[in-house]
Amino acid sequence: MGKVLVTGGAGYIGSHTSHLLLDQGHEVVILDDLSTGNEWAIPREARFYKGSTGDVELLQKNIFRKWH
């Protein structure tokens, strides 16, 4: 299956979506700054990065580069 980036994956909707995607066989990467989400809600099978979509360096160096 494919790789999916879930922003806000530590929140209610994002964490449930991540679980469903994992159940369907997708590789899930979660990006969340935990301002309103909870780290305990993140599925263990997902790769997690604490940060924001506005952090271009984090996105380029740690998330997108590792997808190749």
Side-chain angles (χ1 to χ4, degrees):
M1 289 265 132
K3 298 177 184 179
V4 180
L5 173 63
V6 179
T7 59
Y12 180 80
I13 294 171
S15 64
H16 284 276
T17 300
S18 296
H19 280 287
L20 290 171
L21 289 165
L22 287 163
D23 288 345
Q24 294 176 0
H26 295 282
E27 181 181 344
V28 175
V29 176
I30 293 175
L31 176 65
D32 198 302
D33 65 5
L34 299 177
S35 61
T36 59
N38 298 292
E39 196 165 353
W40 56 262
I42 299 168
R44 290 190 166 115
E45 302 86 1
R47 186 177 301 143
F48 171 65
Y49 292 94
K50 183 177 179 183
S52 159
T53 55
D55 187 344
V56 176
E57 185 175 345
L58 172 68
L59 291 169
Q60 289 177 341
K61 289 186 177 180
N62 293 309
I63 297 176
F64 298 138
R65 185 172 288 166
K66 292 182 180 181
W67 278 19
H68 296 293

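Everything numeric in this text was worked out from a predicted model, so none of it was measured.
- Summarising the geometry of Thr53 relative to Leu59, their closest heavy-atom pair is O-CD1, 3.2 Å, with the distance given to 0.1 Å.
- Between Ile30 and Ala46 the shortest heavy-atom distance is CD1-CB, 3.8 Å.
- Looking at every heavy atom in both residues, Ala41 comes nearest to Ser15 through O-CB, 3.2 Å.
- A continuous path of hydrophobic side-chain contacts links Val6 to Leu22 [ILVMFWY only; heavy atoms under 4.5 Å].
- Annotation: Ile13, atom CD1; neighbour count of heavy atoms from other residues, nucleotides and ligands within 6.0 Å does not exceed 12.
- Once rounded to the nearest 0.5 Å, the distance linking CD of Gln24 with NE2 of His19 reads 13.5 Å.
- Under the side chain to side chain contact (heavy atoms under 4.5 Å, CB included) criterion, Glu39 pairs with Leu34, Ile42, Phe48, sequence neighbours left out.
- Here the CD1-CG distance, from Ile63 to Leu58, works out to 4.5 Å after rounding to the nearest 0.5 Å.
- Between Asn62 and Tyr49, the closest heavy-atom pair is O-OH, 2.9 Å.
- A salt bridge (Lys or Arg N to Asp or Glu O under 4.0 Å) check over residues 9-38, counting only residues at least two apart or in different chains, returns the pairs Glu27-Arg47.
- Atom OG of Ser18 sits about 11.5 Å away from atom NE2 of His26, to the nearest 0.5 Å.
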